Amino acid sequence: MKRLLMIIVLALMVGTICAQSGIKRQGNTFIEVSNKQAKGEDIKTPYTYKAKDGKIYPIFRSKNGKYYIIRTSKKSGKEYKQYLPQVTEALCDTTKS
């Protein structure tokens with residue numbers, strides 16, 4: 001019984017290791033492909049956001065899937081991200097459909 005359990009556990013471990021390595025075949029050549037996602041940068045979307053002051057800002061999507069615009073502080077002049085939860089909800093709903 002212990003031997004059977006140990007064989008099952010080892011088979012599962014080998015299966016997950018092989019699934020993670022990702023091998024792609026091109027003709028007679030096998031290429032190892034990493035399944036780990038590279039740390040992505042934020043992406044500029046084709047959408048824009050019109051603020052209360054009338055300015056139009058491009059909308060960016062973070063690597064976590066949140067949407068934001070880049071605004072500039074009036075006092076210090078530093079740039080900061082203003083996240084847009086309503087836009088995130090709206091765009092996530094359209095991508096699911």
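Just so we're clear, the structure is a prediction, and the values are computed from it rather than from any experiment. Side-chain atoms are counted along with the backbone in the values below, which use heavy atoms only and exclude waters and symmetry mates.
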Q | Polar side-chain atom of T88 near backbone of Y67 as donor-acceptor pair, under 3.5 Å | A |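 Confirmed, T88 side chain pairs with Y67 backbone.
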Q | Taking every non-hydrogen atom, the tightest pair across T45 and I59 | A | OG1-O, 2.6 Å
Q: Specify the closest pair of heavy atoms between K63 and D42, including all atoms of both residues, with the distance to one decimal.
A: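 Looking at all heavy atoms of both residues, the closest pair is N-OD1, 3.4 Å.
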Q | Residues clustering with I56 (ILVMFWY side chains joined when closer than 4.5 Å, directly or via others) | A |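 ILVMFWY cluster around I56 holds nothing else.
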Q: Could you list who else is in M1's hydrophobic cluster, with ILVMFWY side chains joined at under 4.5 Å, directly or through other members?
A: none
Q. Taking atom CD of E79 and atom CD1 of I70, what is their separation to the nearest 0.5 Å?
A.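 Reported to 0.5 Å precision, the distance equals 6.0 Å.
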Q: Would you give the length of the straight line joining atom OG1 of T72 to atom CD of Q82, rounded to the nearest 0.5 angstrom?
A: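 Rounded to the nearest 0.5 Å, the OG1-CD separation comes to 11.5 Å.
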Q.
The criterion is side-chain hydrogen bond (donor to acceptor under 3.5 Å, both in side chains); which residues satisfy it with K66, sequence neighbours excluded?
A.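 Once residues adjacent in sequence are excluded, K66 has no partner under the side-chain hydrogen bond (donor to acceptor under 3.5 Å, both in side chains) criterion.
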**Q.** Test: D53 and R71 ion pair at under 4.0 Å
**A.**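 Salt bridge present between D53 and R71.
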Q.
Over 60° means perpendicular and under 30° means parallel, so tell me whether Y83 and Y68 are parallel, tilted or perpendicular.
A. tilted
Q: Spell out, yes or no, whether F60 and Y57 are grouped together once hydrophobic residues are joined by side-chain heavy atoms under 4.5 Å, including indirect joins.
A: no
